[in-house]
Amino acid sequence: MDAPLVDFNGELVSVDRTFLNHNNRGLRYGDALFETIRAVNGTLFFWEAHYLRLMASMRLLRMEIPMHFTMEGLEASLSNVLASNNLENRAARLRFTVFRNDGGRYLPASRDISYVIEAEPLASPFYQIDDGPYGVELFKDFYLNVDMLSTLKTNNRIINVMGSIFAQENGYENCLLMNTGKEVVEALNGNLFLVQGNIIKTPPLRTGCINGILRKKLMEIIDKLEKYELVEDPISPFELQKADELFITNTIVGIRPITKYRKKDFERHVALDLLGKLNAVVRLEPK
């Protein structure tokens, strides 16, 4: 079987080929951003939102945005990677990584960028709820900063790495991250929502949570439903065991209910309700 192909600066290359080196600024300094995109049958889920977030993040990090980085041009590049890996007719995960070009130390020699697009298959074309147990714990070894950089999808994910190791060593499926103000911010791999009665609560961006694409889309869905009240407010650790439900969102998995936190077992009725509505929105995405 041929090795998968990736797009490196517009050229399709085999993953077996060496096209990055030790001078890469993403490796040296974490001077990089990424977008993870779900695609089904060639359709990029929430592509406009992903594109706008990428452009805003690049501007914030003072990266030079190439003239060909139009929404249509990048969509064509992503679609080309899908087709080149025979993934245009199934569900797939795309990762678009942007990093500043080699050179310099902390001060870059150039603000110009390079990029890599990768693709891999996914099992299901629809968002689904996993029925298995999903226990979490607070990760208290390190904390997120309360600033705008924490909301970006940068390659600086060492807290997520350490939290994942902690979860594995202690038999948890995931961990919840806190900021320096001891507020619960997000999970290792997505945004956090808390349900109590008809209130659905999620931390605001000012707490340092990732500016998640699915977070935004789900908030738009909830805001239109009369039976729920959406609240953007910090979550304290003491609220977790009082909740009826906790769930995690990201653009690849969709909605992942948490089944257990310490001695509390959680329901998942609201998560299932919202999942159906999320899949309905996805089916209406522009093709």
Looking at R268 and D131, does any basic side-chain N land under 4.0 Å from a carboxylate oxygen?
-> yes
With no hydrogens and no angle check, is any side-chain donor or acceptor of D130 less than 3.5 Å from a backbone partner on G132?
-> yes
Close side-chain approach of N9 to F19, heavy-atom, < 4.5 Å | no
With V6 as reference, evaluate E11, E118, R95 under the side chain to side chain contact (heavy atoms under 4.5 Å, CB included) test and give the passing residue.
-> E118
Is the backbone of M71 close enough, under 3.5 Å, to the side chain of W47 for a donor and an acceptor to pair up by distance?
-> yes
Is any side-chain heavy atom of M162 less than 4.5 Å from a side-chain heavy atom of I159?
-> no
Partner of P108 under side chain to side chain contact (heavy atoms under 4.5 Å, CB included), chosen from R62, R100, E64 = R100
Hey, are R90 and N41 close enough side-chain-wise for a donor-acceptor pair under 3.5 Å?
-> no
Given K201, which of E232, E183, E239 fulfils the salt bridge (charged side-chain N to carboxylate O under 4.0 Å, His left out) condition?
-> E239
Please check if I165 and Y172 belong to a single hydrophobic cluster, counting links between Ile, Leu, Val, Met, Phe, Trp and Tyr side chain heavy atoms closer than 4.5 Å.
-> yes
Mind checking whether V81 and V15 sit in one hydrophobic cluster, side chains of I, L, V, M, F, W, Y counted as touching below 4.5 Å?
-> no
Carboxylate-amine/guanidinium proximity below 4.0 Å for K227 and D273 = yes
Any sub-3.5 Å donor-acceptor pair from S79's side-chain atoms to E75's backbone N or O?
-> yes
Are L61 and V116 co-members of a hydrophobic cluster defined by side-chain heavy atoms under 4.5 Å apart?
-> no
Under a 4.5 Å side-chain heavy-atom rule over Ile, Leu, Val, Met, Phe, Trp and Tyr, are L230 and L225 clustered together?
-> yes
Distance col, row Y134:OH vs I258:CD1, nearest 0.5 angstrom, shows 7.5 Å
Could you tell me whether the side chain of N191 and the main chain of I210 form a donor-acceptor pair under 3.5 Å?
-> yes
Between N155 (side chain) and G26 (backbone), is there a donor-acceptor pair under 3.5 Å?
-> no
Could you tell me whether E35 and R53 make a salt bridge, using a distance below 4.0 angstrom between a side-chain N and a carboxylate O?
-> yes
Between the side chain of R25 and the main-chain N/O of Y106, is any donor-acceptor distance below 3.5 Å?
-> yes
Indicate whether any N or O donor in one side chain lies under 3.5 Å from an N or O acceptor in the other, for R59 and S57.
-> no
May I ask you to decide if K242's main-chain N or O and Q196's side chain share a donor-acceptor pair within less than 3.5 Å?
-> yes
Between H68 and Y115, how do the two ring planes meet: parallel, tilted or perpendicular, split at 30° and 60°?
-> tilted
Between the CG atom in L194 and the CG atom in L176, the distance rounded to the nearest 0.5 Å is 10.0 Å
Looking only at side chains, do N189 and N174 share a donor and an acceptor under 3.5 Å apart?
-> yes
Checking K260 side chain against G135 main chain: does a donor-acceptor pair fall under 3.5 Å?
-> no
Under the side-chain hydrogen bond (donor to acceptor under 3.5 Å, both in side chains) rule, what do S110 and N101 come out as? Steps first, then yes or no, please.
-> CA-CA 7 Å; S110 167; N101 286 344; 5.0 Å; no
Could you give the distance from CZ (F34) to CD1 (I117), rounded to the nearest 0.5 Å?
-> 15.0 Å
Determine the interplanar angle of the Y127 and F45 rings, folded into 0 to 90°, and report it as parallel if under 30°, tilted if 30 to 60°, perpendicular if over 60°.
-> perpendicular
Is the backbone of G73 close enough, under 3.5 Å, to the side chain of S77 for a donor and an acceptor to pair up by distance?
-> yes
Roughly how far, to the nearest 0.5 Å, is the CZ atom of R215 from the CD atom of E220?
-> 11.0 Å
Measure the shortest side-chain to side-chain distance between N179 and Y143 over non-hydrogen atoms and say whether it is less than 4.5 angstrom.
-> no
Quick one: OG1 on T207 to CG on N145, what's the gap to the nearest 0.5 Å?
-> 12.0 Å
Are more than 12 heavy atoms from other residues, nucleotides or ligands located less than 6.0 Å from atom CZ of R28?
-> yes
Centroid-centroid distance, Y261 to F266, less than 6.0 Å = no
Distance (rounded to the nearest 0.5 Å) between L94 CG and E120 CD | 9.5 Å
Crowding at CZ, R262 (>12 non-hydrogen neighbours, <6.0 Å) | yes
Distance-only, no hydrogens or angles: does the Y51 side chain make a donor-acceptor pair with backbone N or O of F69 under 3.5 Å?
-> yes
